[in-house]
There are 2 protein chains.
Amino acid sequence: MRVSRVKALENREQILETAARLLRKHGFEGIGVADIMKAAGLTHGGFYRNFASKDDLAVKASERAIANTTALLKNGLAQKPKDPLRALIEGYVSSAHRDDPGSGCILPALAVDAARSDDPALRAVFITAIQGYLDQIAKLPSANPGAAGSRHPAAILSEMVGAVILSRVIADDPLAESLIAAVVADIAGPSPENKSAEE
Amino acid sequence: MRVSRVKALENREQILETAARLLRKHGFEGIGVADIMKAAGLTHGGFYRNFASKDDLAVKASERAIANTTALLKNGLAQKPKDPLRALIEGYVSSAHRDDPGSGCILPALAVDAARSDDPALRAVFITAIQGYLDQIAKLPSANPGAAGSRHPAAILSEMVGAVILSRVIADDPLAESLIAAVVADIAGPSPENKSAEE
DNA sequence: CATGTTGCATGACGACCATCATCTATCAGA
DNA sequence: TCTGATAGATGATGGTCGTCATGCAACATG
């Protein structure tokens with residue numbers, strides 16, 4: 001079953017995108033090569049012509065996932081230049097992000113799996129991702145020049161990641177919504193529409 | 001190979017403690033029943049006389065892990081009644097906790113695995129654990145009655161959990177230490193010994 | 001148009017896994 | 001002391017997994 005070169009490239013793309021989604025959803029050990037290939041519309045046979053191993057796929061798919069979400073992030077922030085920190089947090093710490101790990105940030109989805117791995121290449125990908133987030137947050141104009149002061153980017157990122165993970169555990173429990181609301185307010189301050197009621 | 005009743009109880013305890021440690025270290029899918037039993041000094045044969053399934057063990061071992069760490073927590077806090085929030089954070093967001101997931105809090109270790117699970121019993125255990133932490137934090141005398149104000153417990157817990165997870169990813173990188181320091185200072189304020197240099 | 005090349009399907013292999021059946025040696029109660 | 005009960009060892013089973021060998025059909029080059 002040979003296929004044209006452009007089709008072969010499309011297939012590889014499809015494998016990468018599918019893997020990026022399924023690995024985030026099920027974890028590195030929660031889904032197998034055969035299932036990923038099947039979801040990509042192929043059989044498991046051609047896998048090792050595209051990737052050296054499942055670990056190799058994990059690295060490439062993680063890089064792809066990061067690239068996709070950072071692109072989304074930049075687009076989202078560019079459209080809301082007024083309060084970028086709030087825009088970031090409201091998108092990140094949200095029920096939509098909680099309910100769709102397959103197309104969300106890799107940190108709440110896979111950081112724990114990466115921490116358990118002893119593959120240096122995989123860890124490097126995640127370290128770079130963390131650094132990227134920290135740099136992005138540091139560049140954000142401090143949205144809270146007042147009482148709360150401007151916090152260290154590592155503190156903000158930790159809170160974002162932890163909030164998404166905890167909200168995924170409690171998921172359908174009403175507690176999840178209040179947790180999300182509390183964290184958004186904690187980082188970005190009280191929501192603008194309620195601001196007049198403050199002080 | 002029958003064994004006395006007290007010995008049988010000891011064995012069950014040993015399985016639980018070993019499982020609580022190894023599951024936190026490797027994740028629910030990262031270690032098997034046979035390896036847990038071997039580490040507990042037994043063979044895999046007697047497992048199903050003690051537990052209904054591996055999922056059942058995951059529930060019981062998670063409960064055990066929570067009981068152990070909350071006991072440690074209460075002891076630690078009782079010995080430092082001056083600034084309990086700081087004591088909590090300095091113990092939780094620390095390189096010691098980062099480097100030993102096997103005897104640490106289950107939330108950074110296993111919450112992601114629990115979120116992926118569809119076992120209601122397992123999820124219930126983790127929801128209870130989160131609630132317990134939130135209640136404990138809420139009861140803590142607000143250590144920052146000043147500028148930073150008293151934050152929502154969910155915000156503090158999210159930051160704690162996220163910080164430990166991220167620090168485990170970057171582990172040996174020097175970035176890990178600065179992340180820990182930044183988060184501790186963010187939650188508990190500047191460390192007391194440096195306090196005179198503040199303001 | 002001819003032919004060597006190659007992407008992918010089929011299928012198999014060995015390792016590992018959760019689970020269970022069976023056996024046996026020892027304990028606990030009479 | 002005798003005997004039924006049982007904790008745990010041994011071993012097997014069916015399933016899943018990552019990985020690879022082989023074969024084929026279609027492409028790209030001449």
Side-chain angles (χ1 to χ4, degrees), chain A residues 1-20 22-62 110 113-114 116-119 121-122, chain B residues 1-20 22-62 110 113-114 116-119 121-122:
Chain A
M1 288 281 287
R2 193 181 168 189
V3 150
S4 80
R5 283 184 184 173
V6 291
K7 182 61 182 168
L9 249 170
E10 279 179 30
N11 285 342
R12 186 188 163 92
E13 280 298 297
Q14 189 60 36
I15 298 173
L16 266 180
E17 290 292 334
T18 306
L22 293 182
L23 289 176
R24 271 179 286 184
K25 185 169 183 178
H26 298 104
F28 288 139
E29 315 212 282
I31 189 135
V33 169
D35 284 332
I36 292 172
M37 292 297 282
K38 185 185 293 182
L42 302 172
T43 64
H44 65 279
F47 178 79
Y48 288 89
R49 200 170 293 268
N50 281 287
F51 302 96
S53 65
K54 192 192 179 189
D55 281 354
D56 181 39
L57 173 67
V59 172
K60 305 268 173 59
S62 297
L110 291 173
D113 299 67
R116 289 181 192 135
S117 165
D118 55 354
D119 180 357
L122 185 65
Chain B
M1 286 284 286
R2 191 176 169 194
V3 149
S4 80
R5 283 184 184 173
V6 291
K7 182 61 184 169
L9 249 170
E10 279 179 30
N11 285 343
R12 187 189 161 92
E13 282 296 298
Q14 188 62 37
I15 297 172
L16 266 179
E17 291 291 335
T18 305
L22 293 182
L23 289 176
R24 272 178 287 183
K25 185 169 184 178
H26 298 104
F28 288 139
E29 314 211 281
I31 190 141
V33 169
D35 282 333
I36 293 173
M37 292 297 281
K38 185 185 294 182
L42 302 172
T43 64
H44 65 279
F47 178 79
Y48 289 88
R49 201 172 293 268
N50 281 286
F51 303 96
S53 65
K54 192 192 179 188
D55 282 354
D56 181 39
L57 173 68
V59 172
K60 306 268 173 61
S62 297
L110 291 172
D113 298 69
R116 290 181 192 134
S117 165
D118 55 354
D119 180 358
L122 185 65

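Predicted model, so just to flag it, every value in this text is computed and none were measured. Below, chains carry the letters A, B, ... as their sequence lines are ordered, and counting in each starts from 1.
Separating the CD1 atom of A:I36 from the P atom of D:dT16 is a distance of 16 Å, rounded to the nearest angstrom. Atom CG of A:L23 is separated from atom P of D:dG18 by 10 Å (rounded to the nearest Å). Between the P atom of C:dC8 and the CZ atom of A:R12 lies a distance of 11 Å, rounded to the nearest Å. One can place CD of B:E29 at 18 Å from P of C:dC16, the figure rounded to the nearest angstrom. Following rounding to the nearest Å, A:N11 (CG) and D:dA26 (P) show an atom-to-atom distance of 15 Å. Rounding to whole angstrom units, CZ of residue B:F47 and P of C:dA21 are separated by 16 Å. Distance, B:I31 CD1 to D:dC17 P: 19 Å, rounded to whole Å. Atom P of nucleotide D:dA28 and atom CG of A:L9 are separated by 12 Å, given to the nearest angstrom.
Residues A:L23 and A:I36 are in side-chain contact: their nearest non-hydrogen atoms beyond the backbone lie under 4.5 Å apart. Contact of the A:T43 side chain with the A:M37 side chain is not registered, since no non-hydrogen atoms from C-beta on lie closer than 4.5 Å. A 4.5 Å side-chain heavy-atom check between B:F47 and B:L57 finds at least one atom pair inside the cut-off. A:F51 has its side chain out of reach of A:V33: every pair of non-hydrogen atoms, C-beta onward, lies at least 4.5 Å apart.
Closest-nucleotide positions on DNA chain C for A:G45 and B:D35 were compared, and the one nearer the 5' end corresponds to A:G45.
When all heavy atoms of B:I31 and B:K54 are compared, the closest pair comes out as O-NZ, 2.9 Å. Closest non-hydrogen pair, B:F28 versus B:A114, comes out as CE1-N, 4.2 Å.
Interface residues of residues 50-58 of chain A facing DNA chain D, ordered by number: A:S53, A:K54; criterion, heavy-atom separation under 4.0 Å.
Closest to the A:T43 side chain, of the nucleotides C:dA9, C:dA18, C:dG7, is C:dA9.
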What's touching nucleotides 28-30 of chain C from the protein side, N or O pairs under 3.5 Å?
residue: C:dA28; atom: OP1; partner: B:R5; partner atom: N; Å: 3.4
residue: C:dG29; atom: OP1; partner: B:R5; partner atom: NH1; Å: 3.4

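Residue-to-nucleotide contacts include no donor-acceptor pair under 3.5 Å from the side chain of B:H44 to the base of D:dG8.
Note that CG of B:N11 and CZ of B:R49 are 13.0 Å apart. Values are rounded to the nearest 0.5 Å. Distance check, rounded to the nearest 0.5 Å: CG of B:L22 to CD of B:E17 gives 11.5 Å.
Salt bridge B:K60/B:D55: absent, no basic N to carboxylate O contact under 4.0 Å.
Dashed line: the shortest gap from a side-chain N or O of A:Y48 to OP1 or OP2 of D:dC20 is not under 4.0 Å.
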